[in-house]
Amino acid sequence: MKKTRKWIRMPLILIAMGITMVFYVIHFAPMPHHPWGTYSTGNGPLPDSLYLVLQTDGRYTIYRQLEILEKGTFEPLLPGTGNEDIIYRLTAQDTLSKTKLVYDKESDAVVLLDYQDKDIPMGRMSREAVFINVYSESPEGDLTAHGIP
């Protein structure tokens, strides 16, 4: 009888250890580092906060609630050097902006360099493109959200 219990307990212990290891790997696996998402100068959705949205297709939008400040594209400033995922050049559609973006992988935050002659630190608000209260009338007369494909 004791041998039977031993043979039952051993597989159960191994199964429990396997489940624990799978949970540990899934739960504590490092998140992939990429700058895409939404960043903000404030904590939460505040009307006076500055927002930056970086989309996976290389487009960006800088806005405050109810007002688009700048739209354009972003690209690595130092391609092929191993630092291409750290410093980006923002090219605005409407202005001759010389803004650069520094992405800090460790803190998962960005700093807008030389944006309206200031350096602006921003924390990640979401890994998705989030547009809060940013609408305008399209040529067809309906309300559409800026920056959303």
Side-chain angles (χ1 to χ4, degrees), residues 9 11-149:
R9 274 192 251 156
L12 289 176
I13 291 171
L14 290 173
I15 290 171
M17 286 175 57
I19 290 171
T20 303
M21 288 174 43
V22 167
F23 172 77
Y24 182 81
V25 167
I26 291 171
H27 185 69
F28 294 107
M31 294 292 290
H33 289 288
H34 58 74
W36 308 306
T38 303
Y39 299 86
S40 172
T41 56
N43 293 331
L46 301 171
D48 60 338
S49 291
L50 185 68
Y51 297 92
L52 167 68
V53 177
L54 299 174
Q55 294 178 273
T56 57
D57 63 358
R59 292 182 296 147
Y60 79 91
T61 305
I62 299 173
Y63 71 95
R64 292 190 192 281
Q65 287 189 35
L66 306 175
E67 178 185 17
I68 297 287
L69 302 174
E70 186 175 301
K71 291 170 70 174
T73 59
F74 69 98
E75 62 186 352
L77 186 62
L78 306 169
T81 63
N83 292 324
E84 50 271 338
D85 59 344
I86 297 172
I87 303 173
Y88 295 86
R89 174 186 301 120
L90 304 181
T91 305
Q93 289 177 346
D94 305 341
T95 64
L96 297 173
S97 175
K98 58 181 179 178
T99 304
K100 294 183 181 51
L101 173 81
V102 177
Y103 173 60
D104 182 2
K105 291 180 186 180
E106 298 300 317
S107 65
D108 205 21
V110 298
V111 177
L112 284 175
L113 300 177
D114 295 328
Y115 180 71
Q116 297 179 346
D117 297 322
K118 293 183 240 171
D119 295 343
I120 302 172
M122 305 176 94
R124 188 184 293 269
M125 192 173 104
S126 172
R127 293 193 177 279
E128 304 294 325
V130 177
F131 294 88
I132 302 170
N133 296 328
V134 184
Y135 293 93
S136 71
E137 274 195 45
S138 71
E140 292 80 30
D142 59 344
L143 293 177
T144 58
H146 281 287
I148 300 175

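What you see is a predicted model, and the numbers here were worked out from it, not measured in a lab.
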Would you check, one step at a time, whether the test side-chain contact (heavy atoms from CB on, under 4.5 Å) holds for Tyr103 with Trp36? CA-CA 10 Å; Tyr103 173 60; Trp36 308 306; over 6 Å; no
Pairing residues for Thr20 by the side-chain hydrogen bond (donor to acceptor under 3.5 Å, both in side chains) criterion, not counting sequence neighbours: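 Scan of Thr20 (side-chain hydrogen bond (donor to acceptor under 3.5 Å, both in side chains), adjacent residues dropped) gives none.
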Would the Phe74 and Tyr88 ring centres measure less than 6.0 Å apart? yes
Do Thr38 and Ile132 come close enough that some side-chain heavy atom pair is under 4.5 Å? no
Side chain to side chain, Leu52 and Ile120, heavy atoms closer than 4.5 Å: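 Not in contact.
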side-chain contact (heavy atoms from CB on, under 4.5 Å), that's the test. Do Tyr51 and Val130 meet it? Break it down for me. CA-CA 9 Å; Tyr51 297 92; Val130 177; over 6 Å; no
Check for a donor-acceptor pair, side chain of Thr99 on one end and backbone N or O of Leu90 on the other, with a separation under 3.5 Å.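 No, Thr99 side chain to Leu90 backbone: no donor-acceptor pair under 3.5 Å.
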Under 3.5 Å: donor-acceptor pair, side chain of Arg89, backbone of Glu75: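 No; zero donor-acceptor contacts below 3.5 Å.
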Could you walk me through whether Leu69 and Leu50 pass the side-chain contact (heavy atoms from CB on, under 4.5 Å) check? CA-CA 9 Å; Leu69 302 174; Leu50 185 68; 3.4 Å; yes
So which heavy atom on [X] is nearest to which on [Y], and how close?
| X | Y | result |
| --- | --- | --- |
| Asp48 | Arg64 | O-NH1, 2.7 Å |
| Gly123 | Ala109 | CA-CB, 4.3 Å |
| Gln55 | Ala129 | CG-CB, 4.1 Å |
| Thr73 | Tyr60 | O-CE2, 3.3 Å |
| Val53 | Phe131 | CG1-CZ, 3.7 Å |

Going from [atom1] on [X] to [atom2] on [Y], what distance comes out if it is rounded to the nearest 0.5 angstrom?
| X | Y | atom1 | atom2 | value |
| --- | --- | --- | --- | --- |
| Glu70 | Gln116 | CD | CD | 8.0 Å |
| Asn133 | Gln65 | CG | CD | 4.5 Å |
| Gln93 | Ile68 | CD | CD1 | 10.0 Å |

Pairs flagged by salt bridge (Lys or Arg N to Asp or Glu O under 4.0 Å) wherever residues 115-125 is involved - sequence neighbours left out: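 The answer is Asp108-Arg124.
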Start with the C-alpha distance between Val111 and Asp104, add both sets of side-chain angles, then the distance that settles side-chain contact (heavy atoms from CB on, under 4.5 Å), and finish with yes or no. CA-CA 8 Å; Val111 177; Asp104 182 2; over 6 Å; no
